[in-house]
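Reviewing the structure listed below.
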Amino acid sequence: MSAIRLKNIRQHNLKNFDLEIPLYKVTVITGVSGAGKSTLAFDVLYAEGQRRYVETFSAYLRQYLERLPRPQVESIEAIPPAIAISQTNPVKSSRSTVATLAEITSFAKMLWFRAATPFCPLCGREVLTADPYSAAQEVIHRLAEKRIVITAPLVVKDENLLREGLLQAGYFRLFMENRVCDLEEVEKIPEQVEILLDRLKVGEKDLSRLIEAFERGFKISGEIRVHTTYGEEIRFSKEARCPYCNFKIPEKSPDLFSFNSPVGACPECRGFGRVMDIDWDLVIPDPQKSLADGAISILSMPSFWEDEEELFDYCREKRIPLDQPWQELSQEMREKILYGDGDWYGVKGIFDWLETKKYKAHVRILLARYRAYLPCPSCQGTRFKKESLYFRLGDLDIASFYALSVKDARHFLEKLGSQNLDKATQVLWRELTRRVNYLDEVGLSYLTLDRQSRTLSGGEVARVLLTRALASELVETLYIFDEPTTGLHPRDTARIISFLKKLASQQNTVIVIEHDPEVILSADYVIDLGPGAGEAGGNLLFVGTGKDLVSVKTPTAEAIKEVQKPKSLEPVSPVSDEFLEVIGARQNNLKNIDVKIPLKALTVFTGVSGSGKSTLLELILYRGLKRLKGEATEPPGAFTAIKGAENINEVILIDQSPLAKSPRANPATYLKVYDLIRKLLANTPLAKEKGLSASAFSFNSSIGQCPHCEGLGFEVVEMQFLSDLYFPCSLCKGKRFKEEILQVRYKGKNVAEILELTFDEAISFFESEKELIRRLDAARALGLGYLRLGQPLNTLSGGEAQRLKMAKYLFLGKGQGHLFLLDEPTVGLHLKDIEVLVNALAHLVEKGNTVVVVEHHLELIRRASWVVDLGPEGGEQGGELLYQGPLAEFIARDTPTSRHLRNYLKGIRPF
């Protein structure tokens with residue numbers, strides 16, 4: 001059997017073992033969190049595959065290869081070029097969408113360029129830019145067996161010259177007032193006249209006759225008009241111009257249909273679809289207040305007391321009530337107050353004046369409080385300039401196509417078909433259709449093509465990139481995926497398995513880091529690492545088929561066996577009689593639903609992917625409550641009211657977004673542990689002797705940081721057309737500090753060695769430091785004991801980042817009465833670690849907090865107190881409230897989630 005052969009692997013915590021991974025198969029790497037899965041997949045296999053691929057490049061690139069650190073492996077044989085797709089979302093640009101990420105835009109813009117037809121924005125008619133042949137064919141197609149009159153319009157400048165010229169050219173008839181007239185009978189020719197070119201009954205045999213008439217007509221005026229006896233009229237122009245209202249259509253080019261090109265992008269928002277502008281909801285945070293009570297928040301500031309007095313004088317003059325709530329004022333009154341009417345410059349005038357003072361820092365800070373990203377008023381968020389939208393294909397312009405969900409886009413392309421397209425355009429249609437179909441089949445039918453990539457979860461990005469890999473039809477490639485089932489409903493897991501096997505069948509090798517039992521047991525080959533995390537892990541526990549795994553005793557095998565046992569419902573807390581109520585939630589696909597959430601309990605939002613869970617959690621609950629409390633945030637989703645907000649002290653969103661973009665931040669700095677460590681080092685005798693303060697032990701300080709890499713620990717070489725290359729600093733060898741700083745030791749370890757400790761190791765090392773231990777315990781209690789103190793935060797997975805945020809709030813004292821909102825906290829967790837997470841959530845509830853979780857994991861749903869189930873499908877077919885209430889009653893319902901939960905409780909799984 002052909003295989004990738006690795007000998008003596010000892011990278012990070014991997015314990016010196018040999019391994020063979022079969023080529024052209026699906027291999028799953030599993031094990032508890034921190035066992036070494038990512039080290040094996042990314043730091044060994046991907047790093048070596050990428051390094052060998054770059055070796056095939058030019059001599060200029062190869063000069064850097066000797067500096068690239070090689071994986072700590074004695075030998076690696078038969079490894080293909082590698083492509084890695086991690087769990088985190090790498091996309092930060094607002095320009096990137098689902099369509100650009102899946103490489104759909106490249107084919108869509110060319111399809112619209114070749115096949116779209118222009119429509120006049122004034123009259124709405126299709127603009128047929130024609131040559132004699134195409135115009136003749138169009139007439140035969142549309143007016144078969146009808147009697148027609150073909151004319152050419154002319155503008156009359158000199159009547160006598162026109163008569164003489166027409167007679168000399170052999171034209172003796174005009175078409176006036178819907179009838180044919182002899183030129184000699186017409187006493188006065190009007191300013192615009194139509195010259196008769198031919199009249200006939202249309203048939204297939206008349207093609208050459210029609211072509212000849214159109215050739216003559218285009219020479220005379222550049223425009224042809226075809227009249228029928230029923231009063232119907234068709235106009236043709238040889239120029240890109242509407243023959244009905246004379247509107248000139250812009251010239252078509254591929255870039256006209258790309259919002260990432262200046263040719264096609266909206267000039268106001270430059271293709272982003274959003275602009276930074278005044279958000280009036282921030283200016284007027286509480287519409288129930290009156291003007292006298294300070295409804296307009298900026299006027300309540302001492303600096304604007306004169307503006308407030310002028311507004312009050314204006315309102316008295318115009319008889320606008322000052323004691324009436326803002327929301328009860330008429331629309332006309334509100335617009336006059338905000339935008340002015342001549343006697344009053346308006347609140348907008350105040351902001352316009354502040355814009356002229358932006359060179360002052362405090363003015364910029366003030367403006368930032370009242371500004372937000374809003375849909376571009378010019379393009380209404382479509383990203384395209386208006387000229388791009390003149391062209392339609394199958395009744396859709398390019399922006400309307402991108403606004404479709406994946407499922408609707410698939411139906412559109414199927415309906416469009418390829419029969420009426422030329423061979424080159426058919427190729428574009430097939431490639432576009434194939435990519436959209438893949439997105440639909442992988443469970444992303446609910447996403448719109450113009451959805452910003454940066455708003456996707458890590459699992460959604462992985463699935464989009466999986467479809468791109470399939471569509472690219474690469475062979476002899478090593479694909480590495482990190483939990484592609486993240487965010488996927490249990491019913492859709494089989495789709496991912498099918499796609500992974502299809503990718504392997506195209507002569508590729510697929511390696512997947514995964515915890516899902518269904519994926520593990522369906523794999524061709526399984527590598528199980530463990531048994532613990534960090535130094536307690538890194539051992540090769542099992543290699544073989546998924547079916548053989550359950551016959552051994554490893555943490556993963558035992559957890560899978562546990563899943564197959566019957567279980568009962570175990571809510572972490574009873575349901576209280578106090579509720580937080582959302583009335584009329586209708587953002588995105590939510591269907592004007594009313595949702596109740598019990599206070600001081602664990603509530604789980606369930607439903608298939610795309611059913612509206614994250615919209616309800618973040619856009620409605622989080623942003624809505626923030627605005628109700630007068631705090632600045634992006635515009636919330638549409639809802640009527642939120643009742644019971646006064647019972648919430650603070651709303652805290654703990655999602656999977658990265659904790660930091662810079663490699664300078666690490667878990668020690670995030671949990672404020674590093675401050676305590678630096679103080680301990682500064683109090684050592686040698687540090688006092690050298691006069692080193694605590695700041696000297698910071699790699700962000702010029703006092704202690706390595707002068708060559710400035711405390712980063714590595715150097716960056718920017719590569720044209722390739723990802724940047726990172727090399728350990730040649731001076732400090734990656735330690736980040738000056739040599740004199742590293743001479744200072746606490747209990748035998750210097751600051752660089754302390755930062756290399758895991759949380760578990762640090763708890764033992766700092767056993768006498770109670771405050772430091774308390775902070776470290778916060779992370780260990782959530783299963784993060786394997787993380788190193790100095791690991792850059794930007795390298796953490798989405799699940800690790802989320803649990804580190806939880807650690808900060810769970811044990812570092814946030815009081816009670818808060819609302820914690822979590823988006824899939826089980827991401828990256830091994831089956832046996834779910835209980836650790838549940839205990840942490842239960843601890844928050846015990847402290848008097850309310851916890852709401854968006855989750856697909858059936859084990860966490862089993863422990864919930866209250867369930868809100870959305871569906872029944874994703875996208876437009878979702879957003880309905882299928883159930884809300886106690887967990888015990890939920891299992892009796894018939895919804896996609898309740899069916900899977902019933903089977904889970906019985907120990908029945910689809911693997």
Side-chain angles (χ1 to χ4, degrees), residues 276-358 360-374 580-584 619-652 817-819:
M276 183 74 86
D277 203 355
I278 300 167
D279 187 342
W280 295 111
D281 289 335
L282 294 174
V283 178
I284 307 165
D286 187 358
Q288 296 180 356
K289 285 186 177 181
S290 66
L291 292 172
D293 291 333
I296 302 174
S297 58
I298 192 170
L299 296 182
S300 300
M301 297 180 181
S303 303
F304 298 97
W305 68 270
E306 289 182 88
D307 299 287
E308 185 177 46
E309 288 299 322
E310 287 189 48
L311 172 61
F312 288 176
D313 291 341
Y314 168 79
C315 289
R316 294 186 189 101
E317 181 183 338
K318 298 293 183 180
R319 297 188 177 180
I320 298 175
L322 295 173
D323 56 353
Q324 190 171 330
W326 173 264
Q327 61 188 10
E328 294 180 12
L329 297 178
S330 68
Q331 184 66 26
E332 182 184 0
M333 291 177 180
R334 283 185 280 180
E335 288 188 359
K336 285 181 178 180
I337 293 169
L338 295 179
Y339 299 102
D341 69 346
D343 297 327
W344 156 247
Y345 43 79
V347 179
K348 179 69 164 61
I350 298 173
F351 284 105
D352 291 341
W353 177 80
L354 287 171
E355 287 286 338
T356 66
K357 306 294 181 183
K358 281 199 302 184
K360 299 178 180 179
H362 71 279
V363 173
R364 292 196 298 273
I365 294 170
L366 176 63
L367 283 171
R369 291 180 55 184
Y370 296 104
R371 301 173 81 182
Y373 282 107
L374 303 173
L580 181 70
E581 295 185 56
V582 178
I583 310 297
L619 272 63
I620 304 294
L621 268 178
Y622 177 67
R623 295 186 188 176
L625 284 168
K626 281 280 189 181
R627 284 293 178 91
L628 287 176
K629 293 181 178 297
E631 298 179 42
T633 181
E634 289 191 53
F639 63 93
T640 303
I642 297 180
K643 297 182 179 179
E646 65 278 2
N647 297 320
I648 301 296
N649 291 333
E650 186 178 349
V651 55
I652 300 161
H818 304 307
L819 174 63

Quiz prompt | Any L621 side-chain heavy atom under 4.5 Å of V582 side chain | solution = yes
Quiz item: So how far is it from E650 CD to L819 CG, rounded to the nearest 0.5 Å?
Solution: 10.0 Å
Quiz prompt | Residues, nucleotides or ligands: over 12 heavy atoms within 6.0 Å of Q288 CD | solution = no
Self-check item: Heavy-atom pair with the smallest gap, counting every atom of D341 and Y314
Solution: OD2-OH, 2.8 Å
Quiz prompt | Presence of salt bridge, R623 and D281, under 4.0 angstrom | solution = no
Quiz item: Can you list the steps and then say if I642 with L625 is a side-chain contact (heavy atoms from CB on, under 4.5 Å)?
Solution: CA-CA 8 Å; I642 297 180; L625 284 168; 3.8 Å; yes
Quiz item: So do the side chains of F312 and E308 get within less than 4.5 Å of each other, counting heavy atoms only?
Solution: yes
Exercise. Indicate the atoms forming the closest heavy-atom contact of K358 with R364, along with that distance.
Key: O-NH1, 2.8 Å
Self-check item: Nearest atoms (heavy-atom pairs only) where L367 meets F351
Solution: CD2-CD2, 3.8 Å
Quiz item: Just by distance, do the side chain of W344 and the backbone of I337 share a donor-acceptor pair under 3.5 Å?
Solution: yes
Quiz item: Nearest heavy-atom pair of P285 and A295: which atoms, and what distance?
Solution: CD-O, 3.9 Å
Practice problem: Indicate whether the side chain of D352 and that of Y345 have a donor and an acceptor atom separated by less than 3.5 Å. | Solution: no
Quiz item: Hey, what do you get for NZ (K348) to CG (D277), rounding to the nearest 0.5 Å?
Solution: 6.5 Å
Quiz prompt | Distance in Å, I278 CD1 paired with Y370 OH, rounded so as to fall on 0.5 Å steps | solution = 11.0 Å
Quiz item: Which heavy atom in I298 sits nearest to a heavy atom in F304, and how many Å separate them?
Solution: O-CD1, 3.3 Å
Quiz item: Distance from K336 atom NZ to L311 atom CG, nearest 0.5 Å?
Solution: 13.0 Å
Quiz item: Any donor and acceptor pair, going by atom type alone, linking the side chain of K629 with main-chain N or O of I648 inside 3.5 Å?
Solution: yes
Practice problem: Compare every heavy atom of L580 with every heavy atom of A645, then report the nearest pair and how far apart it is. | Solution: N-CD1, 3.8 Å
Quiz item: Is it true that a side-chain atom of S297 and a backbone atom of V283 form a donor plus acceptor pair closer than 3.5 Å?
Solution: yes
Quiz item: Out of curiosity, L329 CG to L322 CG, how far, rounded to the nearest 0.5 Å?
Solution: 9.0 Å
Quiz prompt | Trace of the side-chain contact (heavy atoms from CB on, under 4.5 Å) decision for K289 with I284 | solution = CA-CA 9 Å; K289 285 186 177 181; I284 307 165; over 6 Å; no
Quiz item: After noting the C-alpha distance and the side-chain angles of L282 and R627, does the key distance pass the side-chain contact (heavy atoms from CB on, under 4.5 Å) rule?
Solution: CA-CA 8 Å; L282 294 174; R627 284 293 178 91; 3.2 Å; yes
Practice problem: Check the pair L366, K357 against side-chain contact (heavy atoms from CB on, under 4.5 Å), reporting the backbone distance first and the verdict last. | Solution: CA-CA 11 Å; L366 176 63; K357 306 294 181 183; over 6 Å; no
Quiz item: So does Y373 have more than 12 non-hydrogen atoms from other groups sitting under 6.0 Å from OH?
Solution: no
Practice problem: State plainly whether the residues E332 and K318 are in salt-bridge range, i.e. N to O under 4.0 Å. | Solution: no
Quiz item: How far does CH2 of W326 sit from CG of L291, to the nearest 0.5 angstrom?
Solution: 6.0 Å
